[in-house]
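Worksheet: one structure, shown below.
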2 protein chains.
Amino acid sequence: MQNVKPALAEQHNTQLAKILPSPIRVIDAEFSEIPNLIKLTLGEPDFAVPEHIKEAAKRDIDSDDSHYAAPAGHLELREAISDYLVNRFDTPRYEPNGEVAVTVGASEALYATMGGLFNPGDKIIIPTPSFPMYDAIAKILSLEIIELSTAPDYRLTPEKLAPVLEAHPDAKGILLNYPSNPTGVTYDAAEVQALADLLGQHDLVVISDEIYAELVYDAPHTSMAKLLPEQTILVSGLSKSHAMTGYRIGYVAGPQALLQHVTKMHQFLVTTAPGPMMAAAIEALKHGLQDAEEMRDAYQARRDLVLTGLEAAGFEVARPSGAFYIFAKIPASIEMDDLAFVRDMAEKALVGVAPGSIFGAGGEGNIRLSYAASTEDLEESVRRIQAYMADKLN
Amino acid sequence: MQNVKPALAEQHNTQLAKILPSPIRVIDAEFSEIPNLIKLTLGEPDFAVPEHIKEAAKRDIDSDDSHYAAPAGHLELREAISDYLVNRFDTPRYEPNGEVAVTVGASEALYATMGGLFNPGDKIIIPTPSFPMYDAIAKILSLEIIELSTAPDYRLTPEKLAPVLEAHPDAKGILLNYPSNPTGVTYDAAEVQALADLLGQHDLVVISDEIYAELVYDAPHTSMAKLLPEQTILVSGLSKSHAMTGYRIGYVAGPQALLQHVTKMHQFLVTTAPGPMMAAAIEALKHGLQDAEEMRDAYQARRDLVLTGLEAAGFEVARPSGAFYIFAKIPASIEMDDLAFVRDMAEKALVGVAPGSIFGAGGEGNIRLSYAASTEDLEESVRRIQAYMADKLN
């Protein structure tokens, strides 16, 4: 280890320091130390990338696609994204030159969007419970975060949203995420339309993170980009639909007046995305729709397994209609906060899940279970949780 | 094209808006419209990635390395970086856990470093002419930039640096880059030692961008990380040494007290780097030293060709001992600013180079020529430039 010059030991960005180290990863690391524990903490597909997509990446490597791509990404990928969004979700046709940019995962898409569009002190509404990275990025950028708890049913409705919009007429943006991490809640067409109608009456940018759009189980996905394109920045990527998390390809689409700033920010963050990984994304979007469907069917079976199992174990669960998470309320008779509870369950039941409180207001008293895991592990986890809860509730 | 909601048409980060679109790329795009023009504007290797490195990436894809890596990157790569730095540049041994992080190119390394360590208003010294991204990132982060012109010989010396350090005792950081883009200037061991001695007397973080370290022609590279490890963040990557620009793998190394903040920032920017591209980097660092040497020898021959040719054409050139750029002064008798000159030369000589003024104070009145191009193109360019200059100077 190198010694730091003592005078520099405290040199750091003070906004960044306000953010605790990624809490899910801290707990995940803690659970990794417990032998025989089954971890259902992280939201990561257990599938491999489909073979034809891997082959496309390898062919691209062979073809020496190793020079800088355009800042917004390979044009062929931007075209494939534009076509995919129209064909799959009936969005307007985004112009590949100017209205689409390829990013390093949805993470960088979120940073480039918030960093490109907002200024320190700008108010941004974040419905919670939510993916902790929204809050973290907003804090780093010195945005003022308006939390909007969607508890107890974890559904964002015009009734919950309207008073917050009225109380903050100067809000510059809102972050939507459906299907939702961590709750698995999503919305049908009428519900999205109702939100779009309300948001359309207010002058704020809607950042709609729809990365789980291919993973819906009860109704088709309706994109905010279809209903409110003039004020929506759509954020998505290939990580969840095609199990390509490690390939790190995400994207943004939106009106050029806004997207130009997002793309510019993106350029100063990473220059451009890696070529061979973009080639994989082209293949996934052009010839991989069926892969996404097969994975979705597998996740749906797992959801049913875990949902039934958790309800039988005594948890109250907001029906998860998308993504691969179940958000379950710890029974009131168990007098532990969610962090103590998940630690206790990890130790005694050897199943690791995330504590709900790390997802913001309204999340406390819940656990988040990711069913992006093998069916065997999920079956065994349900058995262990049921035995643990039977003991706990007696 | 989508219409944006009129009330949102001007929504953007005002700091970001202060930065003009990447000026090199604007000019490069302009020159792309001129038929038969040879472009020597961008700093991008024309070599392909060596076969064994491509094979390593493909094997990694086959092995299903498609899940999230650790935020700081695959441990095997961090170990390879640490070993490489010790073996190649005699740096201290950086601990792979905590003192090394893998980034999406050196660009993201720079953003994560400045974003992780500094606060709005912090002063940062940038010797110029310099890579425009330093200035851009500092502006986005609202840092106060202290420009230090190294003209006329483009060498940073203690004599030039000391008064700036004394005038700004509260400066939090300095950005070094050697071998330098855009000048090709680099420093021998005694010169680096003299700078390190001076910098060691001041309490500021030294961000040392040594991405061109493998491309030195007259003397071995001496790393600031060797001489001043307690206050240096070393920034580098594989883009220039192994022609891997499009793979987007960079890295940072430094004392944990500082690097922890850089790594944390990195995590919120991009989560982690893409796995298969990291596998390529492991192979390059472990088994690709000779590739870098072969490319260096080729660049050196090209440098000699272009240097001789430009001097014969009437340019005064600061001897370029590294990287793949030549920075040449436009003869005083030509009464045009550098932007007008490069446009005139593009039109009349059909050779495109970058105007020196885009690299900051001291760059005006120069051109930057990138010799990361084929020998044939360089030979033809020299002929064209010589004919053009003969005409111009008569």
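Residue numbers start from 1 in every chain, and the chains themselves are labelled A, B, ... in the order their sequence lines are given, proteins ahead of strands.
- Using modelled atom types, one side-chain atom of B:Lys5 and one backbone atom of A:Gly200 make a donor-acceptor pair closer than 3.5 Å.
- When atom types are taken as modelled, the side chain of A:Thr232 and the backbone of A:Pro229 share no donor-acceptor pair closer than 3.5 angstrom.
- Between B:Ser370 and B:Leu42, the shortest heavy-atom distance links the atoms OG-O, 2.9 Å.
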(request) For side-chain contact (heavy atoms from CB on, under 4.5 Å), just list the numbers for B:Leu258 and B:Val262, CA-CA rounded to whole Å, side-chain angles, deciding distance to a tenth of an Å, and then say yes or no. (result) CA-CA 7 Å; B:Leu258 299 173; B:Val262 178; 5.5 Å; no
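- Per-residue heavy-atom pair counts under 4.5 Å with chain A were compared for B:Val49, B:Asn119, B:Val104, and the maximum is reached by B:Asn119.
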(request) Could you walk me through whether B:Phe118 and B:Ile124 pass side-chain contact (heavy atoms from CB on, under 4.5 Å), step by step? (result) CA-CA 9 Å; B:Phe118 303 127; B:Ile124 180 157; 3.7 Å; yes
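- Of the possible donor and acceptor atoms, none in the side chain of B:Ser82 sits under 3.5 Å from a partner among the backbone N and O of B:Arg93.
- Contacts of A:Ala17 with chain B are made by backbone atoms alone, with heavy-atom separations under 4.5 Å and no side-chain atom involved.
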(request) Start with the C-alpha gap between B:Gln11 and B:Val4, add the side-chain angles, then the distance that decides, and say whether side-chain contact (heavy atoms from CB on, under 4.5 Å) holds. (result) CA-CA 10 Å; B:Gln11 179 69 39; B:Val4 69; over 6 Å; no
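- At a 4.5 Å heavy-atom cutoff, A:His266 makes no contact with chain B through either its backbone or its side chain.
- Between the side chain of B:His12 and the backbone N or O of B:Glu10, at least one donor-acceptor pair lies under 3.5 Å.
- For A:Leu269, the parts lying near chain B are the backbone and the side chain together; criterion is any non-hydrogen pair under 4.5 Å.
- Of the listed residues (B:Ala106, B:Ala57, B:Ala280, B:Pro276), the one with the most heavy-atom contacts under 4.5 Å to chain A is B:Pro276.
- With a 4.5 angstrom heavy-atom cutoff, A:Leu8 touches chain B via backbone and side-chain atoms both.
- Only the side chain of A:Met277 has a heavy atom closer than 4.5 Å to any heavy atom of chain B.
- Taking chain A as the reference chain and counting heavy-atom pairs below 4.5 Å, the highest number among B:Gln15, B:Gln231, B:Glu95, B:His67 is found for B:His67.
- Looking only at distances, a side-chain donor or acceptor of B:Arg248 sits under 3.5 Å from a matching main-chain atom of A:Val270.
- The contact between B:Ile61 and chain A is made by backbone and side chain atoms together, counting heavy-atom distances below 4.5 Å.
- A:Ala273 touches chain B through its backbone: at least one of N, CA, C or O sits under 4.5 Å from a heavy atom, while the side chain does not.
- Among the candidates B:Gln256, B:Lys54, B:Met244, B:Glu108, the residue making the largest number of heavy-atom pairs closer than 4.5 Å to chain A is B:Lys54.
- The backbone N or O of B:Thr245 sits nowhere less than 3.5 Å from a side-chain atom of B:Glu44 that would complete a donor-acceptor pair.
- Both the backbone and the side chain of B:Asp203 come within contact range of chain A, judged by heavy atoms closer than 4.5 Å.
- In terms of non-hydrogen atom pairs under 4.5 Å with chain B, the most contact-rich of A:Leu16, A:Asp64, A:Ile137 is A:Leu16.
- Between chain A and the residues B:Ala69, B:Pro6, B:Ala109, B:Pro71, the most heavy-atom pairs under 4.5 angstrom are made by B:Pro71.
- Most heavy-atom pairs under 4.5 Å with chain B: of the set A:Pro255, A:Ser142, A:Ala112, A:Ser66, this distinction falls to A:Ser66.
- The part of A:Glu99 that comes within reach of chain B is its side chain, from C-beta onward, which places non-hydrogen atoms under 4.5 angstrom from that chain.
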(request) I would like to know whether A:Asp65 and A:Met278 meet side-chain contact (heavy atoms from CB on, under 4.5 Å); could you show each step before the answer? (result) CA-CA 10 Å; A:Asp65 175 22; A:Met278 288 197 274; 5.9 Å; no
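- Taking chain A as the reference chain and counting heavy-atom pairs below 4.5 Å, the highest number among B:Ala257, B:Gly116, B:Gly105, B:Ala136 is found for B:Gly116.
- Here B:Asp62 does not pair with B:Lys58 in a salt bridge; the nearest charged N to carboxylate O distance is not below 4.0 Å.
- Looking at B:Ile140, the atoms closer than 4.5 Å to chain A (heavy atoms on both sides) all sit in the side chain, from C-beta outward.
- Put simply, CD on A:Gln267 and CD1 on B:Ile19 are 10.0 Å apart, with the number rounded to the nearest 0.5 Å.
- Interface residue A:Asn3: only backbone heavy atoms are found under 4.5 Å from chain B.
- Looking at A:Leu204, the atoms closer than 4.5 Å to chain B (heavy atoms on both sides) all sit in the backbone: N, CA, C or O.
- Only the backbone of A:Ala243 comes within less than 4.5 Å of a heavy atom of chain B; no side-chain atom from C-beta onward does.
- Only the backbone of A:Pro45 comes within contact range of chain B, with heavy atoms under 4.5 Å apart.
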